[in-house]
Amino acid sequence: MRIQNRLRSVLFSLAVASTALVSPACSKSPEITAESIDDNWALTEQHEPGSVVMTVAQDGKVTVLVKDRAGKPIEEGVSGNVTVKVPGKDGAPVTAELTPEPKSGGVLIAKIPPLEDDLTEVSYEFKVKGDPFKGVMHVPRGGTRELQESAKENQPHKLDGKKGPNGGVLQPVGDDIVEIVADKATGDVRVYVLDLNLKPVSIGQREIKLAIHTPSGPDVIVLAPGPDRLFFTGKLKAKVNPTKITVVLKEGGHTHVVLCGYHPGSVIVVGPSAPAIGILVATAWAVKVNVKPTVVVHDDDDDDGRVIVVHKGKGKGKGRGRWRWK
């Protein structure tokens with residue numbers, strides 16, 4: 001009997017030890033790996049020595065993967081931090097150090113305060129085997145996921161390469177199209193809201209601000225309504241074309257945030273090689289604004305159930321996802 005009891009004790013101890021060896025806590029896999037980070041709403045910024053793939057979640061979790069020039073993840077020799085300006089705290093920055101995520105193939109993680117504002121500035125600074133990687137992202141309340149989703153919604157709108165009536169840059173934002181343009185002589189910025197024929201309309205009760213990136217650094221411009229609410233107005237700190245623009249548009253309790261010109265899966269080139277966004281033009285601001293647009297809706301006769309909205313009040317398309325630019 002004693003032998004049997006001892007045998008049961010030994011077997012029980014072995015079972016407990018085996019369970020501990022395969023415990024989920026000990027074998028837990030990372031949530032995001034080098035292979036999956038691109039599928040988790042990441043943005044990729046291309047630097048001279050390589051690229052930075054980053055996600056910023058609404059709860060403040062930041063994941064980062066640094067790749068070399070050939071696109072291969074760098075698993076060792078990466079260190080750095082991310083810094084965020086917390087709204088409502090006198091602009092006091094909060095810095096979080098990046099730490100390696102085990103078994104992830106080179107992913108680093110950090111925790112910043114949750115995203116609570118419609119636009120939060122997140123800067124990063126890394127050293128990769130001695131090479132510096134520095135950059136700034138402006139992310140909405142929904143983080144990089146919201147920017148990716150907005151870009152996906154804007155994909156059907158074929159505006160690439162088109163210029164606005166003032167010669168400025170066109171960008172879909174929510175149900176609107178906006179034109180961003182600046183006077184090259186004065187640095188004065190104007191943002192027009194356009195209808196589906198790319199004609200300016202009244203801005204109504206909308207609010208807009210821009211996060212502008214230039215070689216001299218980032219700047220957030222809160223635009224003011226112009227005379228008779230026919231456009232928004234502001235001023236550039238430096239009279240140079242920006243390399244990155246993030247647009248925030250508010251109307252009727254809804255906020256839309258987009259990264260100007262971004263398409264899902266594309267790479268954002270930053271640093272000295274970043275292409276300029278041509279908003280600076282020589283202009284006399286001569287374009288008239290249609291303050292009383294009409295509505296014309298008709299079937300496009302191709303039996304796909306879609307309609308074409310030619311004009312609409314306040315420059316907004318009706319039936320989101322079912323209309324297209326004329």
Derivation and outcome, salt bridge (charged side-chain N to carboxylate O under 4.0 Å, His left out), residues K244 and D219: CA-CA 11 Å; K244 190 163 54 171; D219 184 30; over 6 Å; no

Do [X] and [Y] have a side chain donor and acceptor closer than 3.5 Å?
X	Y	result
S51	T44	no
T95	T83	yes
S273	E48	yes

Inter-residue atom distance [X].[atom1] - [Y].[atom2], 0.5 Å rounding:
X	Y	atom1	atom2	result
S123	K134	OG	NZ	10.0 Å
Q148	D38	CD	CG	9.0 Å
D175	E153	CG	CD	9.0 Å
I277	Q171	CD1	CD	9.0 Å
I268	H47	CD1	NE2	10.0 Å
I180	C260	CD1	SG	4.5 Å

Is the number of heavy atoms from other residues, nucleotides or ligands under 6.0 Å of E149 CD greater than 12? yes

Side chains of [X] and [Y]: closer than 4.5 Å at any heavy-atom pair?
X	Y	result
V66	P73	no
V257	R141	no
I109	V62	no
T120	H138	no
T255	V248	yes
V247	V258	yes
V136	V122	no
Y192	N166	yes

[X] side-chain N/O to [Y] backbone N/O, donor-acceptor pair under 3.5 Å:
X	Y	answer
S150	E146	yes
Q46	G50	yes
K235	T186	yes
D228	L230	no
K111	D59	yes

As a quick check of understanding, evaluate side-chain contact (heavy atoms from CB on, under 4.5 Å) for E45 and L43, giving each step before the final call. CA-CA 7 Å; E45 295 200 334; L43 293 178; 5.5 Å; no

Side-chain heavy atoms under 4.5 angstrom apart, residues restricted to Ile, Leu, Val, Met, Phe, Trp, Tyr: same cluster for [X] and [Y]?
X	Y	value
V94	L108	yes
I74	L65	no
L236	F232	yes
L223	V178	yes
V173	I208	yes

Shortest non-hydrogen separation from [X] to [Y] and the atoms involved:
X	Y	result
P132	P49	O-CG, 4.3 Å
N81	F126	O-CE2, 3.9 Å
T144	M54	CG2-O, 4.0 Å
G164	L170	CA-CD2, 3.6 Å
L98	V64	CD2-CG2, 4.0 Å
A42	V53	CB-CG1, 3.5 Å

Decide, yes or no, whether a salt bridge links [X] with [Y] under the criterion of side-chain N to carboxylate O below 4.0 Å.
X	Y	result
E179	K163	no
D39	R145	no
K209	D118	yes
D183	K239	no

Please determine whether side-chain contact (heavy atoms from CB on, under 4.5 Å) holds for the pair R229 and Q205, giving the CA-CA distance in whole Å, both sets of side-chain angles, and the decisive distance to 0.1 Å. CA-CA 9 Å; R229 304 191 73 85; Q205 298 304 308; 4.2 Å; yes

Show your working on side-chain contact (heavy atoms from CB on, under 4.5 Å) between L210 and V191 and close with a plain yes or no. CA-CA 10 Å; L210 306 175; V191 173; 4.1 Å; yes

Full working for side-chain contact (heavy atoms from CB on, under 4.5 Å) between I37 and T63: CA-CA 8 Å; I37 190 169; T63 58; 4.0 Å; yes

Between V201 and the options D176, I177, D195, the side chain to side chain contact (heavy atoms under 4.5 Å, CB included) test singles out D195

